[in-house]
Structure formats: C-alpha cells, structure tokens
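Here the structure is a predicted model, which is why all the values come from computation and not from measurement.
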Amino acid sequence: MSERRPVFQEVLGEDWAKLGEVIRRHYFLRSFSDDYICVKGVMHEVEHSAFARLLLPFARIVGALVPYRGRDVPIEVHYTARPEDGTLHWDRVFHFAGRKPFHFRSRMQQTGPNQVIEFVRFGVGMRLRVTAEEGALVFRDEGYVWRLFGYDLPLPVGLLLGTGYIEERPIDDRSFSMRMTLKHPLFGELFRYSGVFAVPEEA
C-alpha cells in the first residue's frame, strides 16, 4: 500500500506544490491517521455587523461562527485527523477578555478534486472550493448542505449568511496570516475575523 499523502495534497493534486512551505507544513495531516498539530496566534479583529446579530441564535444552535467581538484575541487551533475516517477536525479556541474560552468546532471532508465540505453540528455543512493562489490556501463558499442519511441536501442558508471566503497566506517560514469573511449581496459584510499564527518547529 502506498504511503498516504496529506489530506490537502489529495484535494489540490499538483497544485499542492504551489502552496508556501509554511502552509504545507501546517497541513501535513493525513486522513485515516492520528496526526495532530496545534497552532497559536492572535486574532487582530473578530467582528460582526448589526444585522448579523439577528442570525447569531441560529448560528449558536448549529455551532457555527463566533458570537463575540474583540481585538487582539489570543487563539489556538487544534487540528486532528482520525484513524477511523478521512475527516479533519478543527477546534478553534478563542480567549476573549472576561469570558470563558469559546470553542468553534468543525470537521472537514474531501468530496472531490478541489472540493471539501466543512460540517458543524447536526450535519449542516458548507461546500468549499479549495485552490492554491500565490502561495496561499484559499477556500471559496459554494453553498450549504444538510447531510441526512448519507445524502447532502442543498440548504438555502446562503440567502441569510451570504458567501464565505477564507484564506491562509504565508508570511515567512514560521508564520501565516488568516482571514475569513461572510458577505451578503444586500447587507454587505456580516462577519469577519483575521489574525496571524505561528507553526511549531516540529511540524
């Protein structure tokens, strides 16, 4: 049996080589393994609009998004592969001043070349197209689904949440920047956060 490659190398194919070296080290995790990494950093901003506040109760039920605002928020992100399946698991731990650590958890599964779905609770997921662009790993929203009995049923959640964009971009051989935005065609930017992370030397 051939040696397993990192999950995102499988997703990107030959474009894996276009990623910055620090991004490739960050995403060394292989499917069906016990690979693990934790990166630490600071979110320079975590913001949402006044309209987005109306959506937060629904978002909290399904375990999506971050309900607080803040500046220079310490964060660590735990990435874990699972030996029993091909998914990658995220646990983003935000340390807002005066609050208990807030966990934003999700899992990601490859569904085809350049395609993944990121799931939160109750089988709600976001389809994402994954590309390598100028060294950065870029995720673009391609709609929402509800996984029910093994089927991915389209959900019109995008009419409320708009379209997501995520990127992780190299800074140097030890660190990278990250930003996420959700933009609605009528109400503009609903959510955003951005920050800088360090990849441990042993990665």
Can a salt bridge be assigned to the pair [X] and [Y] using a cut-off of 4.0 Å between side-chain N and carboxylate O?
X: Glu167; Y: Arg140; value: no
X: Arg5; Y: Glu10; value: yes
X: Arg82; Y: Asp85; value: no
X: Arg174; Y: Glu21; value: no
X: Arg25; Y: Glu168; value: no

Check your understanding: Would Arg179 count as a cation-pi partner of Tyr193, with NZ or CZ less than 6.0 Å from the six-membered ring centre and within 45° of the ring normal?
Key ->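 Checked: cation-pi criterion not met.
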
Point to revise | Contact check, side chains of Arg192 and Met180, non-hydrogen atoms, under 4.5 Å | key: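 No. Closest side-chain heavy atoms not under 4.5 Å.
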
Practice item. State, with a plain yes or no, whether a side-chain heavy atom of Glu47 is found less than 4.5 Å away from one of Phe191. Key: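 Result no, sub-4.5 Å side-chain heavy-atom pair not found.
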
Exercise for review: Indicate the ring-plane relationship of His184 and Phe187, choosing parallel, tilted or perpendicular according to the 30° and 60° boundaries.
Suggested key: tilted

Exercise for review: Specify whether Phe176 and Phe197 have parallel, tilted or perpendicular ring planes, treating 30° as the upper limit for parallel and 60° as the lower limit for perpendicular.
Suggested key: parallel

Check your understanding: Are the ring centres of Trp90 and Tyr79 closer than 6.0 Å?
Key ->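 Here the rings of Tyr79 and Trp90 have centres that are less than 6.0 Å from each other.
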
Exercise for review: Please confirm whether Phe104 and Phe96 have ring centers closer than 6.0 angstrom.
Suggested key: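 Ring-ring flag for Phe104/Phe96: false, centres at least 6.0 Å apart.
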
Practice item. State whether a side-chain donor-acceptor pair under 3.5 Å links Gln109 with Glu118. Key: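 Side chains of Gln109 and Glu118: no pair found under 3.5 Å.
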
Review point. Any side-chain donor paired with an acceptor under 3.5 Å for His89 and Thr87?
Key: yes

**Study point:** Smallest separation among heavy atoms of Ala59 and Leu65, with atom names
**Key:**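 So the two residues come closest at CB-CD1, 4.0 Å.
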
Check your understanding: Checking Asn114 side chain against Val130 main chain: does a donor-acceptor pair fall under 3.5 Å?
Key ->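 The answer is yes, because a donor-acceptor pair under 3.5 Å joins these two groups.
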
Exercise for review: With sequence neighbours left out, write down each residue that passes side-chain hydrogen bond (donor to acceptor under 3.5 Å, both in side chains) with Ser175, or none if nothing qualifies.
Suggested key: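 side-chain hydrogen bond (donor to acceptor under 3.5 Å, both in side chains) check on Ser175 returns Asp172.
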
